[in-house]
Amino acid sequence: MKLATVRLDDHRTAAVRVEGDELVELGRADVGAVLAAPGGLEGAAAADGPRHPLAGADLAPVVPRPSKVVCVGLNYQNHIKEMGRDLPEYPTLFAKFADTLIGAADDIRRPAETEQFDWEAELAVVIGRPVRRADEEQAVAAIAGFTVLNDVTCRDWQFRTREWLQGKNWDSTTPIGPFLVTADETGPRPALDVRCEVDGRVMQSDNTGDLLFDPVHLVRYVSTMVRLNPGDVIATGTPGGVGHARKPPVFLRGGELVVTEIEGLGRLENRVVGEGA
């Protein structure tokens, strides 16, 4: 099953189920609300409502207001090597705020304060039920499904200090979507091709099966310290090919089309524009 959050002409959003070339409203404002509602995904599969064409739909962030977005750094072996680091013993975690999130075709807002604006294609886990201190079985059950995310980063701000948060939390920089694809279609540890293109040039290409810490491990690890709620997101990390690690480095200056795609999950197409555009 594929779910999305769509913006409608009457200035509201609606959670929808994708059925062929149509979107079926589910009676909730967004996918996060669907996951938090009684019945969750079972209710989403059975619901019926007004229908809209998929073509031309204005897709909002698939989960617009997660209570938390937990991100993982250094989780593909080739990316760890290109950044000149040793393989970590534990996941490297940082947080994002919901104000960073944008939809599948929204513009990425490049801040005037950065000269090192970089891409990071990622598989994102979406949580479907509350979970704390999950064991293996509970972690698998807590995964509603997966979506596509690009953790666009201000590298010069990221490396001002040893903590990364200030490089990762700029307003309207993080596309997520277009769909939540439920875990029954992918399995809890999907091995899917992931790629990022900038103006048609392939910058990243890998497979999510190369993750050092897989989605189930991450749900177990993160839920040990904090409760994960329906609609929460875990961004699992990016593969090699980021602009910062290239020789010479390559960064987004404005005007570029960034395409982020994961096999079976969908495609983000986002134009980089100045923040005041």
Side-chain angles (χ1 to χ4, degrees), residues 5 7 11 13 58-74 79 82-85 92-122 124 147-178 194-204 233 235-261 267-277:
T5 300
R7 301 181 183 111
H11 304 291
T13 62
D58 184 6
L59 296 177
V62 66
V63 184
R65 291 177 296 277
S67 74
K68 60 189 71 69
V69 181
V70 180
C71 303
V72 184
L74 306 174
H79 179 53
E82 77 174 359
M83 299 299 277
R85 298 175 182 267
T92 300
L93 303 181
F94 58 93
K96 269 188 177 290
F97 307 132
D99 288 340
T100 65
L101 302 179
I102 60 174
D106 292 345
D107 290 337
I108 297 169
R109 301 288 175 176
R110 181 186 183 277
E113 293 85 356
T114 185
E115 294 298 325
Q116 298 182 5
F117 204 45
D118 202 355
W119 54 85
E120 291 194 6
E122 307 203 13
T147 192
V148 186
L149 180 144
N150 198 310
D151 177 24
V152 178
T153 300
C154 298
R155 297 289 184 203
D156 38 7
W157 283 73
Q158 178 185 0
F159 296 123
R160 283 185 171 192
T161 68
R162 295 175 66 181
E163 301 295 335
W164 294 354
L165 184 140
Q166 62 191 336
K168 300 286 190 172
N169 274 285
W170 293 76
D171 201 283
S172 303
T173 55
T174 306
I176 181 171
V194 54
R195 60 190 280 143
C196 178
E197 297 179 4
V198 178
D199 283 343
R201 179 184 174 190
V202 177
M203 297 297 192
Q204 295 179 283
V233 174
T236 61
T238 198
V242 299
H244 171 77
R246 293 176 177 269
K247 302 186 185 303
V250 179
F251 296 113
L252 300 167
R253 298 298 177 188
E256 300 93 343
L257 181 66
V258 178
V259 176
T260 315
E261 188 168 16
R267 177 182 176 100
L268 309 171
E269 296 188 10
N270 306 93
R271 183 74 61 182
V272 180
V273 304
E275 194 168 19

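Note that the coordinates shown come from a computational prediction; the quantities given were computed from them, not determined experimentally.
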Do [X] and [Y] come close enough that some side-chain heavy atom pair is under 4.5 Å?
X	Y	result
W119	L252	yes
R155	V242	yes
D151	K96	yes
P239	V194	yes
V233	I176	yes
R7	L59	no
F94	V72	no
R109	V273	yes

Look at the side chain of [X] and the backbone N and O of [Y], then say whether any donor-acceptor pair between them is shorter than 3.5 Å.
X	Y	value
D106	I102	no
D118	A245	no
N150	E120	yes
T5	V62	yes
E275	R110	no

More than 12 heavy atoms from other groups under 6.0 Å of CD on E113:
yes
Have T114 and D156 got a donor and an acceptor in their side chains that come within less than 3.5 Å?
yes
Out of curiosity, [X] [atom1] to [Y] [atom2], how far, rounded to the nearest 0.5 Å?
X	Y	atom1	atom2	result
Q116	F251	CD	CZ	4.0 Å
C154	Q166	SG	CD	10.0 Å
T174	N169	OG1	CG	7.5 Å
W157	W170	CH2	CH2	4.0 Å
N270	T260	CG	OG1	6.5 Å
E256	D199	CD	CG	5.5 Å

With K168 as partner, the option from T173, T153, T100 fulfilling side chain to side chain donor-acceptor pair (under 3.5 Å) is T153
Which residue pairs pass the side-chain hydrogen bond (donor to acceptor under 3.5 Å, both in side chains) test with at least one member in residues 237-249, sequence neighbours excluded?
Q204-T238
What pair of heavy atoms forms the shortest contact from P178 to R267, and how long is it?
CD-N, 3.5 Å
Decide side chain to side chain contact (heavy atoms under 4.5 Å, CB included) for F97 and L165; before the verdict, give the C-alpha distance in whole Å, the side-chain angles of both, and the deciding distance to 0.1 Å.
CA-CA 10 Å; F97 307 132; L165 184 140; 4.2 Å; yes
